[in-house]
Amino acid sequence: MEIAKTYDPKTTENKWYSHWLAKKYFRSVPDEREPYTIVIPPPNVTGVLHMGHMLNNTIQDVLIRRARMLGKNACWVPGTDHASIATEAKVVAMLKEKGISKTDLTREDFLKHAWEWKDKYGGIILKQLEKLGASCDWDRTRFTMEDDLSEAVIDVFIDLYNKGHIYRGVRMVNWDPAGLTAVSDEEVIHKEVNSKLYYIKYIIIDKDENIDLNDEATVNRKLETGNFITVATVRPETILGDTGVCVHPDDERYKKIKGKFAVIPFVNRKVPIIFDDYIMMEFGTGALKVTPAHDINDYNLGIKHNLAVIDTLNPNGTMSDAAGFYIGKDRFEVRKQIVKDLEAKGHIAKVEDYKNKVGYSERTNAVIEPRLSMQWFLKMQDISKPALDNVLNGNIKLIPDKFINTYKHWMENVHDWCISRQLWWGQRIPAWYDDKGNYVVAKTEAEAITKFKTHNSQLTTQNLKQDEDVLDTWFSSWLWPISVFDGFKNPDGKDINYYYPTNDLVTGPDILFFWIARMIIAGYEYRGEKPFENVYLTGIVRDKQGRKMSKQLGNSPDPIELIEKYGADGVRIGMLLCAPAGNDLLFDESYCEQGRNFCNKIWNAFRLVKGWSIDEKLTQSKGNKTSVEWFEARLNEQINLIDDLYDKYRMSEMLMTVYKLMWDDFCAWYLEMIKPDFVDGNPQPIDKKTYDSTIVFFESLLKIIHPIMPFISEEIWHLLKDRKEGDDIIIASWNKTSAINNSLLNEFELASNVVTEVRNIRKSKNISPKEKISLFQKASNGENKSAFDDIIIKLCNLDKLNTTKEKVENAISFVVKQIEYFIPFNNSIDINAEIERLQKELDYTQGFLKSVMIKLSNERFVANAKPGILDNENKKKADAEARIKAIEEVLSSL
RNA sequence: GGGAGCUUAGCUCAGCUGGUUCAGAGCAUCUGCCUUACAAGCAGAGGGUCACAGGUUCGAACCCUGUAGCUCCCACCA
């Protein structure tokens, strides 16, 4: 059978994925085995796969597949997130294209459209994950807005409310006057812009004084006599909402106006002058106009000093009736106009150019206005305590641990969590209001009525209204590790008891607070136990220039296209190659190319082995015996290393170790060592013993690569030999190691150095690899045979490898460790070049010896260094001296 | 403004308790090879004042101090 020269992923991927599904290998149900559990960070239900998903799902699949091979009951729970904001935005956009405005629809109609949308596009992303090879238990697929999970969310809300952790309060939201909605902080883009800082004079009057600003004579007299205070602002239109002027209590300039009042231009409003150390005396004039309705800091000042709140903006960004002037005009128009009008009345002191940051809506690009609104909050102080403690004490590990600092800082300064969103797509807040604004929190309207009736027997359903808002999406995803196992519905269920706490969570550090910290909080609050043991934090995938991948930039490759181009295994390698834990990764397609090449290398190793014919009668040569013994030692050594790296979550190092074990040790050395020769153009057979060992090695290697490259490993596993039904690599046992022959590994080290030296000399002397040469190795006793001699002969294409007591004339020489080697060379040898080469070696070694001697002659080093270190230095000294002696001997012979 | 982190080869990064020939790996580069598994390959080579300046130590890429540059998080100052 002819085997293709290159590995073709297309023919294998669907085949094996369907096979695994059919065999239900991904399925997990509780049993007596140790569980190994990962819950997927649920992607947005209507989203499509991007590079970030590729990265963290590859890592999750690697972990889950290895756990499965380790004999654990591996359970990877997939699912999707309803993603209130993103999904609602998509549905709104879709409706808009159809000419439907959200405001024209009832809540019920809108939700109908939204569910249709979800049913149509939801789950595409999960289908895409299959292409990657993700071995999720698809029977367990959950959705954060399915009935059970929504019910859990509502129950948790009610429970936390009853415990006194949830309250209503006013909060400044980012209002998008174009989109007519509040947007989250994450959807606000701050840009630095050139604006103007206006200095505006406010007349000062006494407590019992009144003034009419239309009375020009009085105003001018006040201004001329210095009875005014100058404030600076970039938003002069907000003065219509001013209800105070604030200065620093220590500011000498303003001590004399204590107890006085300022008059707001235009509106003629008399407002108090307040003193607060929030003020920075150096900024502007050291006096701040306070507009509680339109600035969060001003709002806080207002609460502290009991100032009125006047909301001067309509939702669409025009001036409201409450503003009193310019009603119905857009705020930017008003800004220009009010400056002119103030100027005319002599209220403008000066105008400066000024750079400041302005927030823009990501979606509409409108300038965001801070706006007050009533929201629901979760008090974080008390319930977050165990979540902080258990990360600090190592009960939950963050990998890499540098994130502990960030986590600690955030948790120690934790803010109350605003959990309400002005959206329809999500879990509706279970609060019910009567027409006076009284409310109760209840699971159903009926319950709400009952609750109300205990206070007011007159109430009926007609007067009750449920809160219009929904809960923040994170308020459902923070329950994810519990709710996917029905831990709320059935708190003592088989699943939750078996799988919880889960083992590893793999996600990005950008949601450390949004999601990870909150899952930990919920875990302790509702299970009294952590939700996971380890959090593996990947980096953010960026492009080669370090920019975030985004649709706008168009710098994000389509993962599915990558898979088609390089194969799923190739792309998985590509992701892992550039993904050190916690560091952002600069993705480039060439990594996938490298991954594809690696697949091909493995494929060709298989092709080579498969092409050999076996001669059962042939006895195993000494060289082959040594080769097999060496590779076995090497393999065991590397498996131990790989296991250790897995345990430490050093994924990129683990990958590199696997890569080099396969490519360098197995393909470049081992297979070359045992590869049968050709005689007269005919390939020779291999002995059965060596062949069998090689197959066993190949199987071990395939098992090692399986978690990383599931498809090619399964394919070759089955092509390598006939297998019984159900003998699939995906469920094969992970390699166990045995004792390692270290002296053989050391001998190989020497032999491989000799081979490299000989090849190097061949190249520098232009000796063709086909031309046989001789090699002499010097040994005082004339023996010094190595198990690797036959291998050196083969790999160097020698006609003989002899031992000699004396140096060899007319030869090129080199020194490996302390041993001298000679290659007789008939053509004239460039003595000078030889001397130069050896002299360089000698200089280096002598320099090295010198540094060792300095240490050893240093009494304080000898006194202070640990014994092992000292022994080492002595050994280094002896080795270097022997080497110098060897080189000098060769040199003197020249 | 507050906090955290980073700076090692052309690129991406390892370097774990300060001490193995410690200055590494992969990629890229250069040179020679279409050698009967693989040119998506083989063989070989070159490449770094470990950001900079001090300090501690017998000994520093590693610990301390300062400086410069970069990144992220939080609060964002009228």
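Any value given below was found using the heavy atoms of this structure, including those in side chains, with hydrogens, waters and symmetry copies removed. In what follows, every chain begins at residue 1, and chains take the letters A, B, ... in the order their sequences are listed.
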Quick one: label [X] by what it contacts on the DNA or RNA (base, sugar-phosphate, nothing), any heavy atom closer than 4.0 Å.
| X | result |
| --- | --- |
| A:Leu288 | base |
| A:Arg759 | sugar-phosphate |
| A:Tyr591 | sugar-phosphate |
| A:Thr291 | nothing |
| A:Trp663 | sugar-phosphate |
| A:Val609 | nothing |
| A:Cys667 | base |
| A:Tyr659 | sugar-phosphate |

* **Salt bridge present between A:Arg335 and A:Glu237 (N-O < 4.0 angstrom)** => yes

* Asked: Between A:Asn297 and B:rA78, is there a side-chain N or O to OP1/OP2 distance below 4.0 Å?
  -> no

* Under 4.0 Å between a side-chain N/O of A:Asn413 and OP1 or OP2 of B:rG3, yes or no? ->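 For B:rG3, neither OP1 nor OP2 has a side-chain N or O of A:Asn413 closer than 4.0 Å.
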
* May I ask you to check whether A:Phe697 and A:Phe666 place their ring centres under 6.0 Å from each other? =>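 Judged by ring-centre distance (under 6.0 Å), A:Phe666 and A:Phe697 do not meet the cut-off.
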
* A:Trp410 ring center within less than 6.0 Å of A:Tyr407 ring center -> no

Provide the distance between the two [atom1] atoms, one in [N] and one in [M], to the nearest whole Å.
| N | M | atom1 | answer |
| --- | --- | --- | --- |
| B:rA60 | B:rA14 | P | 24 Å |
| B:rG59 | B:rG19 | C1' | 7 Å |
| B:rG3 | B:rG47 | P | 44 Å |
| B:rG1 | B:rG10 | C1' | 38 Å |

* **Spacing of CD belonging to A:Gln638 relative to CG belonging to A:Leu645, to within rounding of 0.5 Å** =>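 Here the interatomic distance stands at 9.5 Å.
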
* On RNA chain B, check which nucleotide each of A:Met281 and A:Lys5 is closest to and give me the residue with the more 5' one. => A:Lys5

* To do: May I ask you to verify whether the side chain of A:Lys601 and the base of B:rC38 hold a donor-acceptor pair under 3.5 Å?
  =>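 Checked by distance alone, the answer is yes.
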
* Please evaluate the base of B:rA37 for a donor-acceptor partner in the side chain of A:Glu672 within a cut-off of under 3.5 Å? => yes

* Asked: Quick one: does A:Arg518's side chain have a donor or acceptor within less than 3.5 Å of a partner on A:Phe514's backbone?
  -> yes

